[in-house]
J.: 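So that we are looking at the same thing, I have put the structure below in structure tokens.
The structure displayed is predicted, hence computed values, not measured ones.
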Amino acid sequence: MSRFRNTFLGYRIYRKKFIGTIAVVILLCLTVFSIVFFFSVHAWMDDIRQQAQSRFQERERRLGTIESWTESYVNGMYEDKPLMYDLKALLAAHDNREYLLERRYLSQAQAGQISYVPANLKQLFLDGRSRITGVTLQSGSGLKAIWLENGDICLSFDYGEIEDLKRLNPGFGDIRAASCQIRDPGDMSGELGTLEFWIDSRELYDESSSVNAVWGVFGTDGERMTGSDTTSVQERRLLHAAQQGAQSGWFRSEDGQNVFFVKFTSREGGFSYVAVKSVAELVADNRYVLFALVSALSILAGGVILYSYAGIRTDADFLATIKGMLSEMENGRFEELQKRELPRRHRETEYGMIAVALQDVGQKLQGYIETEYILKLKEQETQMRALQHQINPHFLYNTLETLRSKALLQGDRDMADAIAMLGSLYRARMHRKDRITLGEEFQLLEMYLKIMALRFRDNFVYQMELDPEIAGMETVSFWLQPLAENFFTHGFDRNSFYNLLIVTGNAREDGAFIEVIDNGSGVPEEQLEEIRRNMYEGTDDPEADIGLRNVYMRLNYFYRDRFTMEIRNNEEGGFRISIFIGGKVGEDVHIGDR
């Protein structure tokens, strides 16, 4: 003890003060460390929450984009009647055989080529914007699945439940990106079934979805679909967090760790995005920050101790300054800490250096606490060209000519004529001009009616008559055939032995008068006014009778006020369409733009 007598340790009062100073410094350091650690942990957790929320919201926006894209795709399907016929057949079929039989019937019933829904859906799988990996169709006849495998489209009727499909076919997709009710185009009040679009969670939540935590995507059944690599302990933590009802919070894991979690539930796909992080993992990730904090507090404690050793009484005022600085740090008033003026007499001493270090540490702590981490993800979009199946017109013409030659060699004159007329009609449709003569329009119609007469040779007869005076009158192309198709769609009676269609074109003083008359069943009077209203004022809604509407609009735009079109029932039976066109064409309408 004698060797300390010449120091303050040799005196009880100084020794008590020194020991008391040490105790106070340690307590203050622990307090500061606890406060800073508490705020740092919450700041780090808030950073993890922001990261997870940013990634989740970006994926939700992507799901919303996919949903809008698929909704537009489904709306486009309604505009394609052959495709809707095939979709209706697919939803109604119980198995592949029943579907093929229905397609065969549609092929025989339609004059043109029928559509194939799975092939049409292939563009969704190949389009990088949609990322669709599978499509399901649910109806009263069961579940059908369509997906792409090794570049080929696959259609299956073998899966009874969606869970079986996702379990037995992992590449099909496990997140429902969009669901659309399919209604009957002929009766929109009736539902045919549901069309659902699926994507793969591993594709949606790829490596760019990772956060500074363990994360996973869970389905509604509680099963993990995808996520980061985890240990068994981390996997159990994720599962426990996925079962929580809150969006974020804390829980104690089975190994005694305090674990922070965030959970976001998708409104689009019905899944949950979960991220967890234990305090121990946070400490390990931010060990350098904590080391700097401990170092700073250690420097602070050593400085106070050195200050006490040099003379507590002499430096009492400066000690009060130091305590004031610590109090500002404890209360988080870092700006006031930076503005504090140090006593001039202590600026060049070691204690002055400690005070400057305190200000530097406070500035760093302020940066650590107030820093916001904003991570921006740049969405990369890749566009792929959809495969388009196009028929070479020359190949079709040559094929039809080959078939015609074989029919002539076999003595089937009717078949040869039908093939020749079909080729001529197709060639006229492919190479048609915007404006043709009325005589050419009648010729196109006659080719179509000849083909229909061969098809229904036992119960269909047509008559055509056109005055030569108006044969050279200019008109728009391809508007008579839709009127004839209207008869085969609505007025043709397969059970009747005599279906008659009469098309006449008579010259008038100021134009031409064309009539399309049939002997069909006509239209009930209560529906006739509605048909007129749709023709004059309707839209291109798929539920409307757009054949008459389109003809009316084209002729009205072409002839302007020199055109009238009337529809009515014949007194003797059947339906009559009467059209008057003036002798002069309106020049202010560009045909190509229509």
Side-chain angles (χ1 to χ4, degrees), residues 42 44-68 70 130-134 136 161-167 169-179 194 196-255 257-279 281-282 375 377 379:
H42 281 77
W44 295 330
M45 293 301 182
D46 187 61
D47 175 52
I48 293 175
R49 181 189 292 107
Q50 291 181 15
Q51 290 183 35
Q53 184 177 12
S54 175
R55 285 153 178 77
F56 175 77
Q57 289 177 346
E58 192 275 333
R59 266 58 187 181
E60 285 293 285
R61 287 192 293 269
R62 183 180 298 177
L63 281 175
T65 301
I66 294 174
E67 183 178 18
S68 300
T70 52
S130 63
R131 297 177 180 265
I132 299 297
T133 56
T136 57
E161 299 291 339
I162 289 196
E163 296 303 324
D164 297 335
L165 173 62
K166 292 191 292 185
R167 184 178 66 257
N169 191 355
F172 181 82
D174 48 11
I175 292 180
R176 184 188 289 107
S179 178
T194 303
E196 296 177 333
F197 301 89
W198 296 82
I199 60 176
D200 193 343
S201 60
R202 294 169 297 182
E203 178 74 14
L204 183 65
Y205 283 87
D206 49 14
E207 293 182 358
S208 63
S209 307
S210 61
V211 296
N212 187 23
V214 178
W215 64 276
V217 179
F218 291 83
T220 55
D221 56 356
E223 293 292 331
R224 183 185 177 192
M225 296 186 292
T226 187
S228 58
D229 296 333
T230 60
T231 63
S232 58
V233 174
Q234 291 173 333
E235 185 71 24
R236 288 192 292 271
R237 290 175 182 173
L238 275 174
L239 182 60
H240 184 75
Q243 296 171 350
Q244 300 294 318
Q247 185 178 6
S248 63
W250 295 82
F251 65 87
R252 184 174 290 275
S253 62
E254 57 185 14
D255 58 345
Q257 290 284 337
N258 289 322
V259 179
F260 173 79
F261 74 92
V262 289
K263 175 183 176 183
F264 300 99
T265 301
S266 173
R267 292 180 294 179
E268 305 288 346
F271 58 88
S272 296
Y273 178 76
V274 181
V276 297
K277 190 83 169 182
S278 67
V279 175
E281 293 171 336
L282 272 178
L375 300 177
L377 298 177
E379 181 180 357

J.: Sequence neighbours left out, what passes ring pair (Phe, Tyr, Trp, His ring centres under 6.0 Å) with Phe261? Give chain and number order.
T.: Phe251
J.: So which heavy atom on Gly219 is nearest to which on Met225, and how close?
T.: N-CE, 3.9 Å
J.: Mind checking side-chain hydrogen bond (donor to acceptor under 3.5 Å, both in side chains) for Ser179 and listing every partner two or more places apart, or none if nothing turns up?
T.: none
J.: Within a strict 4.5 Å, meaning less than it, do heavy atoms of the Trp198 and Ile162 side chains meet?
T.: yes
J.: With Glu58 as reference, evaluate Arg55, Glu60, Arg61 under the side-chain contact (heavy atoms from CB on, under 4.5 Å) test and give the passing residue.
T.: Arg61
J.: Suppose we screen for side-chain hydrogen bond (donor to acceptor under 3.5 Å, both in side chains). Which residues come up paired with Asn258, at least two apart in sequence or across chains?
T.: Arg252
J.: Do the non-hydrogen side-chain atoms of Val217 and Asp174 ever get within less than 4.5 Å of each other?
T.: no
J.: Only counting residues at least two apart or in another chain, list the ones meeting side-chain hydrogen bond (donor to acceptor under 3.5 Å, both in side chains) with Gln244.
T.: His240
J.: Any side-chain heavy atom of Ile132 within less than 4.5 Å of one from Ile199?
T.: yes
J.: Report yes if the side chains of Asp200 and Ile175 come closer than 4.5 Å at any heavy-atom pair, otherwise no.
T.: no
J.: Working to the nearest 0.5 Å, report the span between CH2 of Trp44 and CG of Leu282.
T.: 7.0 Å
J.: Measuring from Tyr273:OH to Gln57:CD, what's the distance to the nearest 0.5 Å?
T.: 12.0 Å
J.: Quick one, Arg237 and Val214 - any side-chain contact, counting heavy atoms below 4.5 Å?
T.: no
J.: Which heavy atom of Val262 sits nearest a heavy atom of Ser248, and at what distance?
T.: CG1-CB, 3.9 Å
J.: If I compare all heavy atoms of Ala177 with all of Glu67, which pair ends up nearest, and what's the gap?
T.: O-CB, 3.9 Å
J.: Find out whether Met45 and Trp250 are in side-chain contact, i.e. whether some heavy atom of one side chain is under 4.5 Å from a heavy atom of the other.
T.: yes
J.: Suppose we screen for ring pair (Phe, Tyr, Trp, His ring centres under 6.0 Å). Which residues come up paired with Phe197, at least two apart in sequence or across chains?
T.: none
J.: Kindly give the heavy-atom pair with the smallest separation between Lys263 and Ser272, and that separation in Å.
T.: CE-OG, 3.8 Å
J.: Can you tell me how far CD of Gln247 sits from CD of Gln53, rounded to the nearest 0.5 angstrom?
T.: 7.0 Å
J.: Starting at OG1 of Thr265, measure out to CZ of Phe271 and round the result to the nearest 0.5 Å.
T.: 9.5 Å
J.: I'd like to check Gln234 versus Leu238 (side-chain heavy atoms, cut-off strictly below 4.5 Å). Are they in contact?
T.: no
J.: Applying ring-ring contact (aromatic ring centres under 6.0 Å, His included), which residue pairs with at least one partner in residues 45-68 are found, sequence neighbours left out?
T.: Phe56-Phe264
J.: Distance from Glu196 atom CD to Thr70 atom OG1, nearest 0.5 Å?
T.: 11.5 Å
J.: Would a 4.5 Å heavy-atom cut-off, applied to side chains only, mark Asn212 and Lys277 as touching?
T.: yes
J.: Which atoms form the tightest heavy-atom contact between Ser228 and Ala213, and what is the distance?
T.: OG-O, 4.5 Å
